[in-house]
Amino acid sequence: MYMHSGDRHAPLLPALEGLPHGIGFGGSRTTTPRLFIPDTLEHCTAGFMDGTYQVGDVLPSEDLEQFEISCLEVWGVGDENVIRHALKKREEYRVYQAEFLKKACTVENKTEFVADLSSGLSPNKLYKHREEARGRHEFAVDDKHGGYKLDRE
């Protein structure tokens, strides 16, 4: 069995170089594992034979060699302090993710955003009425407020 969960962008251990990320059982170092669950938990594979296990189907015949995980039970190993620490780190990460998402969805300086919309940098119809109003005889320049006004004389 091997588990390759290292960072995809960090230098890999020479022993793991070229191996897919995930959990693998059986097989050999030169081929893919007999049973492989990738780190995405999608497109899992199960081979027919290898040098580790007895020859035969690992999956029901309707699934053949590829399967999707419908239920996964994960066990943690460690004493109460290790588990408590892991749960605390998980909660900290979830809080960090929620704060990051909230910050990413919040526009702090809306004036720059409005300036971009009104400049035409981003195609939109928000200020189309300004273009349509220009040149019409009933609209006059409003220097006091920096726009146009309806002249109803």
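Note that the numbering runs from 1 along the sequence shown for the chain. Note: hydrogens, waters and symmetry copies are ignored here, and every other heavy atom, side chains too, is used.
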Could you pull out all donor-acceptor pairs under 3.5 Å where a side-chain atom in residues 93-103 meets a protein atom, sequence neighbours excluded?
unit_1: Y93; atom_1: OH; unit_2: Q97; atom_2: NE2; d: 3.2

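Atom CD1 of I69 sits about 4.0 Å away from atom CD1 of I37, to the nearest 0.5 Å. With rounding to the nearest 0.5 Å, the separation of OG in S70 from CG in L41 is 11.5 Å.
The two residues I23 and F36 have their closest heavy-atom pair at O-CD1, 3.3 Å. Among all heavy-atom pairs drawn from G56 and R34, the shortest one is O-NH2, 2.6 Å.
Put simply, the side chain of P33 does not reach to within 4.5 Å of the side chain of F25, judged on heavy atoms.
Atom CD of E68 is surrounded by more than 12 heavy atoms from other residues, nucleotides or ligands within 6.0 Å.
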Quiz item: Yes or no on side chain to side chain contact (heavy atoms under 4.5 Å, CB included) for Q66 and T45, after CA distance, side-chain angles and deciding distance?
Solution: CA-CA 5 Å; Q66 290 201 350; T45 58; 4.3 Å; yes
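Checked against side chain to side chain contact (heavy atoms under 4.5 Å, CB included), E92 has the following partners two or more places apart in sequence or in another chain: K88, K89.
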